[in-house]
Amino acid sequence: MTEEHQGGSRGWTAARKGVWSWLRFTSLRLRLVLVFGLVALTAAVSASGIAYWLNREAVLTRTQDAVLRDFEQEMQNRAGALSEHPTQDELQHTAGQMANSSQRFGVLLVAEDADGDTVYGSSGGLDGFALSDVPESLRTAVNKEQKLTSANKHPYHLYWQRITDDDTPYLVAGTKVIGGGPTGYMLKSLEPEAKDLNSLAWSLGIATALALLGSALLAQALATTVLKPVHRLGVAARRLGEGRLDTRLRVSGTDELADLSRTFNSAAENLEKRVADMAGREQASRRFVADMSHELRTPLTALTAVTEVLEEELEFEGEGGSFDPMVEPAVRLVVSETRRLNDLVENLMEVTRFDAGTARLVLDDVDVADQITACIDARAWLDAVDLDAERGIHARLDPRRLDVILANLIGNALKHGGSPVRVSVARADDEIVIRVRDHGPGIPEDVLPHVFDRFYKASASRPRSEGSGLGLSIALENAHIHGGGITAENSPEGGAVFVLRLPQDPSPPTDEDAGEGDDGGTGGVPDDGSRGKDAKGQV
């Protein structure tokens, strides 16, 4: 394919898309143009129709009156001068004279000669105007004698009718000479008037088309004037929806659209202020949590050292430890709560990194089965976990974050599900799919949508939990940062199933990201989540 042809195809495609975009975007414009066009068309057609009808009647009436008046005068002057029983030659001669009047119409005279025979005289000769050209109804009306009354002083009157012959209009009229004499008929062609009326109709049609075109142009100009501010408002609204809160409209004029633009600017300004205020508060809150977590680390380090000593004393209590039996429960509680507080601080710091967007991946080539085995072995879960993972399934992942995810999912299943916990690994469409299934009672349907929420309490009556309530949330965040996700559902065979999906090769981090890898985290310490009756109340 030549470059010219490719360029032409691209141009045609762009033009077609532009037309469709214009039609789709300016539907209101099209409606305005159509409405204006219909109004203008209706008005123009109505005005043209009325003008044509009035002019037609005026032209035909004026011509008709002039012809009938001339014919009536000719009948009185020339046909009335004939004898009561004229000859055919006399009728022929008189008809020719009558036809030479100013109106130039055809004349037919009918009378009875002295022998009682009907004779005819036509202005066009034997092939001219004939009695058969006169409608039967007109002949009957002309020959019918009327009763004489005070309102009707003559037995015969002048009658006329319009006819069409071979698409040519004619005026036909007839009357009898009062006091005895021939009957006269007149035939006048109205073709010149018809041509004038056709010319008038064409002129009115052209005027209607011009009026329609003018109304469409006027509607287009008006629509552009009206819709241009609306278009700018739509663009500004889209930019505002995209997060560009500094978007403002130029305001000019004092009409309703200008008021709408001012209202939009005011709303955008208030929204920007509110979002900035909320962002400031959120940032201050995150900073507070991060600072608090860091500040707690120092005393926690000392407490952890003390609790480790106390825990060692408890282990050797059976070998002559010095703890008073009354003090031992308190010491165990201190050790447990200190460990829980330490986990909570670590989890809060991890959540703060995710919220601040500073969490980064440190990718490495990982054998998924080896990673799961290492996670289970490090926590002494080998006897409680059934692993179904094929060796050799590799993926570029962050090993530490994968260990955090697995520790939370498997530990959550062991705490709130039922043994054995089964972990399976499969490859599907460039993804690694890890399923963690337990054999417990499953997750209640009302709790299922909230298992990944932070600090979610399945039961308000049991607000305290052994964990921080952040483990599953942190696991989900770690899956998201890899470009994957975690879903929770109940298995038809019983128990809960957590499905972890991770891409085999996520987008590699930049050099800056790779060198920045965040510290801390949960350290692979599992956390609990809500699990029906066995739940501690937090997720």
Side-chain angles (χ1 to χ4, degrees), residues 37-79 91-110 120-142 157-175 183-217:
L38 290 176
V39 171
L41 181 62
T42 302
V45 169
S46 300
S48 299
I50 294 173
Y52 178 79
W53 182 79
L54 292 176
N55 280 275
R56 179 178 181 277
E57 290 300 315
V59 169
L60 293 179
T61 301
R62 183 174 61 251
T63 302
Q64 175 181 292
D65 291 345
V67 171
L68 293 179
R69 186 168 52 250
D70 195 12
F71 174 65
E72 187 175 15
Q73 186 176 1
E74 291 294 328
M75 285 293 294
Q76 291 177 358
N77 294 337
R78 298 187 183 278
L91 291 177
Q92 192 74 29
H93 178 70
T94 302
Q97 290 180 334
M98 294 173 63
N100 290 328
S101 66
S102 60
Q103 296 299 325
R104 298 293 179 179
F105 43 71
V107 177
L108 174 63
L109 297 177
V110 182
Y120 303 92
S122 176
S123 60
L126 296 178
D127 297 330
F129 184 24
L131 190 61
S132 59
D133 297 327
V134 181
E136 181 67 26
S137 58
L138 180 61
R139 282 183 282 167
T140 301
V142 169
H157 296 275
L158 175 65
Y159 296 92
W160 59 271
Q161 185 176 346
R162 294 174 191 166
I163 62 173
T164 301
D165 186 15
D166 294 335
D167 296 330
T168 302
Y170 290 95
L171 175 66
V172 182
T175 186
T183 301
Y185 295 98
M186 179 273 301
L187 180 66
K188 170 65 176 178
S189 173
L190 299 177
E191 186 174 5
E193 287 75 14
K195 289 182 179 180
D196 292 341
L197 292 175
N198 288 336
S199 299
L200 176 63
W202 274 104
S203 300
L204 293 175
I206 294 174
T208 301
L210 292 176
L212 181 61
L213 178 61
S215 66
L217 295 177

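We're numbering straight along the sequence, starting at 1. Because the structure is predicted, anything quoted here is derived from the model rather than measured. Only heavy atoms go into these numbers, but all of them, side chains included; no hydrogens, no water, no symmetry mates.
Two residues are said to be in side-chain contact when any heavy atoms from C-beta on lie closer than 4.5 Å; L158 and M75 fail this criterion.
What you find for F105 and M98 is that their closest heavy atoms are CE1-O, 3.8 Å. When all heavy atoms of R78 and Q97 are compared, the closest pair comes out as NH1-OE1, 3.3 Å. The shortest non-hydrogen separation linking S48 to T208 is OG-OG1, 2.9 Å. Pairing each heavy atom of A79 with each of T94, the nearest pair is N-CG2, 4.1 Å. Minimum interatomic distance between A44 and A211 (heavy atoms only, all atoms of both residues): CB-CB, 4.2 Å.
Between E136 and R139 a salt bridge is recorded (basic side-chain N to carboxylate O distance below 4.0 Å).
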* Asked: Hey, mind stepping through Q64 and R162 against side chain to side chain donor-acceptor pair (under 3.5 Å) and telling me if it holds?
  -> CA-CA 10 Å; Q64 175 181 292; R162 294 174 191 166; 3.1 Å; yes
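Rounded to the nearest 0.5 angstrom, S101 OG and D70 CG are separated by 4.0 Å. For the atom pair T175 OG1 and L138 CG, the distance stands at 10.0 Å (nearest 0.5 Å). We find the CG-CD1 distance between L213 and I206 to be 13.0 Å, quoted to the nearest 0.5 Å.
A 6.0 Å sphere centred on CG of D167 holds no more than 12 heavy atoms belonging to other residues, nucleotides or ligands.
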